[in-house]
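Below: one structure, written as structure tokens.
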Amino acid sequence: MSRTIEFRDALREAMSGEMREDPRIFLIGEEVAQYDGAYKVSRGMLEEFGPRRIIDTPISETGFAGLGIGAAMMGLRPIVEFMSWSFSLVAADQILNNAPKMLYMSGGQFRVPIVFRGNDGAGGQLGSTHSWCVESLYANVPGLKMVIPSDPYDAKGLLTAAIRDPDPVFCLESERMLSMTGEVPEESYELPIGQAVIRREGADCTIVSFGRPVHFCMEAAEELAKEGIDCEVIDGRSIKPLDIDTVTASVRKTNCCVVVDQSWSFASVGSEVAAEVHRYCFDDLDNHVHRVHSDDVPAPYAHNLEAEMLPNARKICEAVRSVTYNA
Amino acid sequence: MSRTIEFRDALREAMSGEMREDPRIFLIGEEVAQYDGAYKVSRGMLEEFGPRRIIDTPISETGFAGLGIGAAMMGLRPIVEFMSWSFSLVAADQILNNAPKMLYMSGGQFRVPIVFRGNDGAGGQLGSTHSWCVESLYANVPGLKMVIPSDPYDAKGLLTAAIRDPDPVFCLESERMLSMTGEVPEESYELPIGQAVIRREGADCTIVSFGRPVHFCMEAAEELAKEGIDCEVIDGRSIKPLDIDTVTASVRKTNCCVVVDQSWSFASVGSEVAAEVHRYCFDDLDNHVHRVHSDDVPAPYAHNLEAEMLPNARKICEAVRSVTYNA
Amino acid sequence: MLTDQTTVPSSSRPSTQAHANEKVPLPGPEVLVKWLRDMKLIREFEVRAMQAYQNKLAGGFLHVYNGQEAVAVGCLAALEPHDPVITAYRDHGHALARGLDPKVGMAELFGRIDGCAKGKGGSMHFFDAPNHMYGGHGIVGAQTPVGAGLAFATMYEDEVINSKSNSRVTLCFLGDGALNQGAFHEAANLAQVLGLPVIYIVENNRYAMGTAIERCTSSAGSLLHKAVAYGMDAIEIDGMDITKTYPAMKALVNDIRANPRPAFVDIDCYRFKGHSVSDPRKYRTHEEEQENEANDPIDNLAKFLMSSGVMEENDVKTMSKEIRTEIRAAVKWAEESPPPDLDELYHDVYVDKWGPYTGTSLPKFMDESSGEKA
Amino acid sequence: MLTDQTTVPSSSRPSTQAHANEKVPLPGPEVLVKWLRDMKLIREFEVRAMQAYQNKLAGGFLHVYNGQEAVAVGCLAALEPHDPVITAYRDHGHALARGLDPKVGMAELFGRIDGCAKGKGGSMHFFDAPNHMYGGHGIVGAQTPVGAGLAFATMYEDEVINSKSNSRVTLCFLGDGALNQGAFHEAANLAQVLGLPVIYIVENNRYAMGTAIERCTSSAGSLLHKAVAYGMDAIEIDGMDITKTYPAMKALVNDIRANPRPAFVDIDCYRFKGHSVSDPRKYRTHEEEQENEANDPIDNLAKFLMSSGVMEENDVKTMSKEIRTEIRAAVKWAEESPPPDLDELYHDVYVDKWGPYTGTSLPKFMDESSGEKA
Ligand SMILES: Cc1ncc(C[n+]2csc(CCOP(=O)(O)OP(=O)(O)O)c2C)c(N)n1
Ligand SMILES: Cc1ncc(C[n+]2csc(CCOP(=O)(O)OP(=O)(O)O)c2C)c(N)n1
Ligand SMILES: [Mg+2]
Ligand SMILES: [Mg+2]
């Protein structure tokens, strides 16, 4: 039985559902317990699971990320919430050096089944320190997996999969989507990590995106349909591992590709997708892969500047028109 | 007048030369003073400049990186040495959030003319925590510049330019090259940041690389010459800004391109170069851009595994043969 | 066997206290009146800012300083104009007390080109070079090593470059919650090892967001132990009564200026409003709030001035009116200031213009003369 | 006015000391003899490791433990077998004292498949799950939050999952230089706030690489203040005389097991060799080294055992011979162990096999049955 709930509720259902099944799972982070979460994602979890499993922390990201890693090495299954991924930089050594490498460094002796989750991307005029898109920064590192849900259904399914996964998984959420509603089954379910989904079928151009910008791609596709350009929109769902096969299969059909990545352009998820599509579809492509990113500048505060910096339907339409121009 | 000196001496000459001219410059880091530098890069500088300008620190990367940033905001010109860039992860917030964004966040009021420098890449069986190639991780971030010298001449010229630059510059050195010798002018000189150099002219295939792997590319080029494949080898010298024009001009001539990047493949400098070459040279390319990276695994300790993981002439030759196969 | 009590009596306080003060007198009446004006101006600025925020004139996060005004005004009054100041994201009070023009601050909140950071910084990132205000920092604790760097630079300029003796003292403010960020501890140790003239002022408003200090910050009875861990001088100061705040800070600043070294201040205060405008404040009782609001630093000084005959009730009223007018004008001025030109996106990324990133070409350095750079 | 002296007498030491010890007796002679054997074995292991390093049998960095053997052996003797242990990169002693077979450790140094981490970790990253040894960590201070996590897990398993009372104590070793990494301070505060049964043992060998502790670690006379800053119990222990090390540690471990909470130990020791094999040690005098070498923890225990009639000089000689033989055998065994198969590169990246990255296709998860994953 499925009903309409918010993105934040879907995240909570994934956590609570798994916690009921598995006593090894706990949630730790700033304000997750008594405050119900800075963004109310963990509302009510303290009452249900108590202070031993829903744990408020000091403002010590290195401390509690590392604590989670140690607990995971002992076989527990921590969910570590970063109020924002923007605050994970102070814990970079723990999340990039320890979590994803412990299994390797120990010759396979110590698994780190941990989930790091929190808000990623522009939250709305939060300025340069608070608007990080960490996907391109962190996805470079082997040993970690990365998922980035774009709606409530995916939020529950991907976070559930992340919690059950034996490896470290980074779950990138978006403050701007937490109140978005959608159909979500009551029972628990998993969406396989590393599998993309086709959001809209189309014959003329493949648009690949991840997380919140997927919605801008859908807008753009509607707009472009009016112009007779029929777009296929792919939601990657996972960034690492990347489901390149779904993308290349689509590009072999459309012969055109635009990748939309909310992070900065240089050495990004977008450049990875572009490079790989060219590799696998070199002879199928009518044009080089076009990319839409945030401008290569720190996030500004001013409303008009931030709006101009971020990817949007207008920019996506322009890119698709350009890539399909002489196709 | 130029003579043959070691890479480490070239780095020191750049620092000492600039420090003699500009009293605002100081060097700070672990073991840089009394110990002469963990790798003897700063040998003798304490005697010449004294303890007020050559400053030993506690093991507090966040602390002294941030100290340097504050000093730079006041108009000083700090050179901050990380014993290894592998240890910069604990300072990620300072070097990625503060240094490159202060100018922007302050609306242009506070410049941060700082240099962060140290060893980058595999040092030889140092294992997964000590073998970071940070270029792909950090180059994603706007506001910083990144240079990566591949010989003593470039080391002095690029570091000199970095010290004189008004923006934050990351200088990536290599422990494995510190003892390499080369011809270096005694007088000071600058190599422009953002300009690549052609190390070897060739007609059949463009090989682009950065830092230490440039030497593997030269080896490979010699090897391939014997097979009648004439390679053009480009040393990027800078990673950010990237001199894509020199690369594309070459590819328009050779119609083939291989990029060799010692960092991991995913969302890397290599994927950026590949994506951009496809963009600008789509109609010139006979084949998709091939990439050579370190394997997508944490750095292992065992000698044979590490050797197999890293880029080398053999892998480069294979890539060039494959990209030029039906050209 | 070991027990908490025997080891660290929970009431224990390092012997620092006693020696804190050279007796510094209060300044003359005109200065005290100015303090009252400054505090009222900060309060009024933020009351209007909150309204503007509700009306969507300002965006992002808005953290107001209500209740802590005596801290910024009292501490900064102890400085010389050229002393550097740096703080966290709850920064309007510090910037204004340091001399920022309210209309320029308001324009920043509205994201306008006339703001102190051209509208690029916002509420959390107030920077003001002319007044030696080094921000406005959004990442908890991240300003503390930077603060050490400011002090390092003052000392380096004076002693190494100009070979005179150190002349400046740096104030680095942080919240009580920031004591739990490693950055602070690295900065404190560095400052002590290098003997830097920086004073770390912990604005102890007893909460980090929704977390009461007892729940997140362990210490043996007194926060001063955090400084003793580094052999750093440390004192406690009352931050709700500026007639106590100023003399204590002034004595400390004088001492540090004369004998350059770091110091630590645990300054007691209370955050009247929520952590940010969106905070429902379920984590504390209404009684607690009322109790503390009864100890309003602005009323405290006003009462003091009236009881000591410096001001009449009417003078205070008039002052309030003037300030209301001034801030209303500031809001109007800010509203009329234009948003930044879109081209501003590509300025200040680097010293030379950078970009734009067009999706079909990499960003490049551009000449200000709008063409690409040679 | 404030002065360092008045504030924090440089000799001051928190009142922790006095109450440290429940009087724990030394164990019987056979245990003492085993300690001597364990310490000698660590010493011999590393002497041979240094030779192997010179002969290029081992690579990377090699940090030896000479002089600090009583710390690992004495502290770990105070544990139960199931108590978790974690340390930094100077880890051979801890791993061996914890029960790692020397030949398996030697194989790790040689980068062979029979090493405790299949040759993937190396000297700095000794892991040994069967003996509850959680590494071997190369980044200074990075093991301290992880250590808090181990203690958290023991408590959580016992109390939350199995609803019995806590049974385990975690030892987290760190160097004196690691006190200057923010990670330690975040971990210490967290451990205290959550009441975790973890003991932070600072192996105070007075140097961080080439930097003497006075030059990089500020503190008011005693490192114990670093713990008092968190209201954490703290004691000093002699790490050069195991007959003093063990009883003090045992008393502390018993106390922590009975009353779960964190504690801090400043354990005095000396690093006989350089920081790593490549260190010329110009930063300290030959006299200082000789003085400390005269206080060799191994000789100290040997003398004690002989003077108390437990061993004859000959027994000690015989023991040394046996150990030399054992380690020589370990070296031979390690040399004969094959290097890891190249396919090992792609195992342990994730729980499922990953890769290889061929340069012409992205890595993928592979079935152990060598085909790609469905
Ligand atoms: C590293 C980091 N983690 C978390 C946050 C989110 N955050 C912003 S303010 C705050 C509470 C800070 O409390 P305190 O230091 O006492 O300052 P106050 O708000 O009381 O002035 C938190 C958790 C942040 N900005 N940076
Ligand atoms: C974050 C970080 N910075 C620097 C280093 C390089 N480094 C390795 S050991 C060491 C000195 C550590 O001294 P101490 O903590 O006292 O341990 P000891 O070597 O004395 O056992 C340094 C600077 C590192 N490994 N990690
Ligand atoms: Mg607070
Ligand atoms: Mg040491």
Side-chain angles (χ1 to χ4, degrees), chain A residues 23-24 26 28 49-50 52-53 55-76 78 90-91 93-94 97-114 142-145 165-168 194 241-242 244-245 272 276 279-280, chain D residues 84 86 108 115-122 125 127-130 134-139 141-154 156-157 159-161 170 182-183 185-191 193-194 196 340 344 347-352 354-355 360-365:
Chain A
R24 297 169 304 169
F26 64 95
I28 187 167
F49 299 104
R52 307 299 298 269
R53 297 184 69 189
I55 303 155
D56 279 328
T57 67
I59 309 169
S60 308
E61 283 78 3
T62 287
F64 64 78
L67 183 150
I69 291 163
M73 289 173 77
M74 298 267 298
L76 298 188
V90 295
D93 181 66
Q94 290 295 334
N97 234 346
N98 277 351
K101 295 170 158 190
M102 202 67 75
L103 183 72
Y104 203 81
M105 283 199 300
S106 66
Q109 291 179 85
F110 292 107
R111 299 179 172 191
V112 181
I114 192 169
L144 62 83
K145 299 173 182 174
D165 198 90
D167 294 308
L242 179 67
I244 195 69
D245 300 343
E272 183 65 27
E276 293 303 298
R279 161 182 301 172
Y280 296 114
Chain D
I86 186 169
E108 188 59 35
C116 50
K118 297 193 208 166
K120 292 178 176 181
H125 307 118
F127 289 82
D128 184 15
Y134 288 82
H137 293 269
I139 300 299
Q143 78 279 18
T144 56
V146 177
L150 300 176
F152 176 90
T154 58
Y156 187 96
E157 272 176 17
E159 301 182 353
V160 179
I161 300 182
T170 296
H185 295 273
E186 296 193 7
N189 181 62
L190 261 171
V193 166
L194 299 176
L196 306 177
E344 268 300 331
H347 291 275
D348 310 323
V349 182
Y350 299 93
V351 168
D352 291 320
W354 174 252
T360 56
S361 79
L362 277 181
K364 284 205 170 52
F365 286 108

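In what follows, chains are A, B, ... by sequence order, proteins preceding strands, each numbered from 1.
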>> Holding to side chain to side chain donor-acceptor pair (under 3.5 Å), I want the full list of residues that pass it with A:Glu61, two or more places apart in sequence or in another chain.
In response: C:Gln181
> So which of A:Gly143, A:Gly63, A:Gly108, A:Pro23 has the largest heavy-atom pair count under 4.5 angstrom toward chain D?
Replying inline: A:Gly143
> Looking at A:Leu144, A:Leu103, A:Thr62, which has the largest count of heavy-atom pairs under 4.5 Å with chain D?
Replying inline: A:Leu103
> Which residues satisfy the salt bridge (charged side-chain N to carboxylate O under 4.0 Å, His left out) test with A:Arg24, sequence neighbours excluded?
Replying inline: A:Asp22
> Of the listed residues (D:Ala129, D:Ala188, D:Gly121), which shares the most heavy-atom pairs with chain A below a 4.5 Å separation?
Replying inline: D:Ala129
> Considering all heavy atoms of both residues, which atom of A:Asp93 and which atom of D:Ala142 are nearest to each other, and what is their separation?
Replying inline: OD2-CB, 3.5 Å
At a heavy-atom separation under 4.5 Å, does [X] approach chain A through its side chain, its backbone, both, or neither?
X: D:Pro84; value: side chain
X: D:Leu150; value: both
X: D:Tyr350; value: both
X: D:Val349; value: both
X: D:Glu159; value: side chain
X: D:Leu194; value: side chain

Identify which part of [X] has an atom lying under 4.5 Å from any heavy atom of chain D, answering side chain, backbone, both or neither.
X: A:Lys101; result: neither
X: A:Pro78; result: neither
X: A:Ile55; result: side chain
X: A:Arg111; result: side chain

> Quick one: does D:Asp348's side chain have a donor or acceptor within less than 3.5 Å of a partner on A:Ser106's backbone?
Replying inline: no
> In terms of the angle between their ring planes, are D:His137 and D:Phe127 parallel, tilted or perpendicular, with boundaries placed at 30° and 60°?
Replying inline: perpendicular
>> Nearest 0.5 Å, please: how far is CD in A:Gln109 from NZ in D:Lys120?
In response: 11.0 Å
> Can you tell me how far OG1 of D:Thr144 sits from NE2 of D:His185, rounded to the nearest 0.5 angstrom?
Replying inline: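 That separation rounds to 9.0 Å.
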>> So, applying side-chain contact (heavy atoms from CB on, under 4.5 Å) with A:Gln94, which one of A:Val90, A:Asn98, A:Asn97 is it?
In response: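 The residue from A:Val90, A:Asn98, A:Asn97 that satisfies side-chain contact (heavy atoms from CB on, under 4.5 Å) with A:Gln94 turns out to be A:Asn98.
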> Under the side-chain contact (heavy atoms from CB on, under 4.5 Å) criterion, do A:Ile69 and A:Ile114 qualify, and how do the steps go?
Replying inline: CA-CA 7 Å; A:Ile69 291 163; A:Ile114 192 169; 4.2 Å; yes
